[in-house]
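Letters A, B, ... mirror the listed sequences (proteins, then strands); counts begin at 1.
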Amino acid sequence: MSEWTLVIHGGSGSMRRGVLPEAEDEGGRAGLEAALKAGGAALDAGGSALDAVEAAVRVMEDDPHFNAGRGAVFSWDGANELDAAIMDGTSRAAGAISSVTTTRNPVSLARKVMEDGRHVLLSGAGADEFSRDKGLEQVEPDYFALAERRRQLDEIKAGGGFDSAMKYG
Amino acid sequence: TVGAVAVDAQGHVAAATSTGGLTAKRWGRIGDSPLIGAGTYADDRACATSCTGSGEIFIRAVAAHEIAALVRFGKLGPVDAAGSVIAEIGAMGGKGGVITVGPDGTGGWAFNTPGMYRGILRSGEAPRVAIYDDE
């Protein structure tokens, strides 16, 4: 069997044993395992490191336990504005997007930017337009709008508006 | 924020990061995740890194590229380099973590918060996931 390694993260913060609700603990671990499985399958099939990191991140973007994709936190104005980047160590080709609102998997949009090769970082409405032109899966903005994240926004705004304790990503 | 780094059977590395950013962010605020070199960086000559945490400080520390530079020029292993940069970020008042992997398969994480959702899988081995800093 050929050698490969995959490492993932789902965000760092104030999670403490016994304080993080058990359901969140179990859900987070299950999400991590699903992401490792997806990325590992790509590598096992002889796929590139690039394929593997995209596959793993896509799984976590679809998982509401993590602050990315469908699970993203809210901005002050009550929107979900998503950022992502990807980089290939072979050529140091890179792609990144910021403040997109309608692409289901932002990491795949970042990869499209990298593969297009003309730019490295696209943002906002222009990045949303690029995503549509490249035929990526589109969703309505409220696909990302989860009640728990809205509650967190309300809590943070009530407390002065800045999550200095990194309580919510 | 979520991220992944990998080295494949050919010894090539890659990194990816994705995030919703900061709760209650204003004015079009963008953190380190989409900034190549700050939150995401990959270079076969060094390592691949994805970051999560106080974006403003990871940007000012150019964290992901700094780890690659420490590997390339400082001859540190990726995880030692990551620890060094997280210590520097802590000294700058920042909190967060990184994951990293080198072309030879050495890899892991460093973080200075009570927890980080993290996992590692190597060919032929069982996956390992963790959340708290004492795991």
Side-chain angles (χ1 to χ4, degrees), chain A residues 1-17 25 28-29 32-33 36 39-40 43 48-50 52-54 56-57 60-61 66-68 72-73 75-76 80-90 92 94 96-98 106-107 120 152-153 156-157 161 163 166 168, chain B residues 1-9 12-26 28 30-31 33-36 39-44 48 50 52-54 95-97 99-101 105 107-109 111 113-124 127 129 131-132 134:
Chain A
M1 172 176 295
S2 49
E3 300 282 326
W4 51 257
T5 300
L6 171 67
V7 189
I8 64 174
H9 74 75
S12 74
S14 53
M15 304 79 86
R16 295 180 192 282
R17 186 186 302 279
D25 178 304
R29 291 178 197 270
L32 292 169
E33 282 167 1
L36 285 176
L43 289 161
S48 66
L50 200 62
V53 297
E54 181 185 9
V57 167
M60 293 189 280
E61 286 177 335
F66 305 110
N67 174 23
V73 299
S75 70
W76 179 273
N80 304 103
E81 298 165 349
L82 312 175
D83 311 328
I86 195 165
M87 189 163 183
D88 181 352
T90 313
R92 282 179 285 153
I97 47 97
S98 75
V107 69
V120 172
Q152 295 169 1
L153 171 64
I156 294 292
K157 285 175 101 170
D163 183 15
M166 286 177 66
Y168 298 119
Chain B
T1 304
V2 301
V5 293
V7 58
D8 58 32
H12 299 307
V13 297
T17 310
S18 181
T19 190
L22 205 56
T23 301
K25 62 187 178 181
R26 296 179 78 173
I30 294 168
S33 298
L35 299 188
I36 301 300
T40 311
Y41 195 72
D43 182 343
D44 277 357
S50 172
T52 174
S54 319
K95 290 184 265 186
I99 56 171
T100 189
V101 71
W109 41 69
F111 59 101
T113 50
M116 182 162 90
Y117 291 99
R118 59 199 187 273
I120 187 165
L121 178 63
R122 298 180 192 278
S123 43
V129 299
I131 297 176
Y132 311 113
D134 61 7

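Here A:Ser48 is the residue among A:Gly39, A:Ser48, A:Ala52 with the most heavy-atom pairs under 4.5 Å with chain B. Listed options B:Leu121, B:Val129, B:Asp134 were ranked by heavy-atom pairs under 4.5 angstrom with chain A; first place goes to B:Leu121. The residue among A:Ala96, A:Gly10, A:Gly40 with the most heavy atom pairs within less than 4.5 Å of chain B is A:Gly10. Top candidate by heavy-atom pairs under 4.5 Å with chain A, chosen from B:Thr17, B:Thr40, B:Ile30, is B:Thr17. Residue with the most contacts toward chain B among A:Ile86, A:Val53, A:Val120: A:Val53 (heavy-atom pairs, distance under 4.5 Å). Counting heavy-atom pairs closer than 4.5 Å to chain B, the top-ranked of the candidates A:Thr5, A:Leu36, A:Val57 is A:Thr5. Counting heavy-atom pairs closer than 4.5 Å to chain B, the top-ranked of the candidates A:Ser98, A:Pro106, A:Ala94, A:Ala68 is A:Ala68. Interface remark: of the candidates A:Arg29, A:Arg16, A:Glu33, A:Met60, A:Arg29 forms the most heavy-atom pairs closer than 4.5 Å to chain B.
Both the backbone and the side chain of B:Val7 have a heavy atom closer than 4.5 Å to some heavy atom of chain A. Only the backbone of A:Ile97 comes within less than 4.5 Å of a heavy atom of chain B; no side-chain atom from C-beta onward does. Looking at A:Asn80, neither its backbone nor its side chain comes within 4.5 Å of chain B, counting heavy atoms on both sides. With a threshold of 4.5 angstrom between heavy atoms, B:Ile36 approaches chain A through side-chain atoms but not through N, CA, C or O.
Annotation: the span from A:Leu50 atom CG to B:His12 atom NE2 amounts to 11.0 Å, rounded to 0.5 Å. Atom CG of A:Asp88 sits about 7.0 Å away from atom CG of B:Asp44, to the nearest 0.5 Å. Here the straight-line distance linking atom CD1 of B:Ile99 with atom CD1 of B:Ile120 works out to 9.5 Å at 0.5 Å rounding. Separating the CG atom in A:Asp25 from the CZ atom in A:Arg17 is a distance of 8.0 Å, to the nearest 0.5 Å. To the nearest 0.5 Å, atoms OH (B:Tyr41) and CZ (A:Arg92) are separated by 5.0 Å.
No hydrogens or angles considered: a donor-acceptor pair under 3.5 Å links the side chains of A:Glu61 and B:Ser18. Using modelled atom types and a 3.5 Å distance limit, the side chains of B:Ser50 and A:His9 yield a donor-acceptor pair.
Judged as a ring pair (Phe, Tyr, Trp, His ring centres under 6.0 Å), and not counting sequence neighbours, the contacts of B:Tyr117 are A:Phe66.
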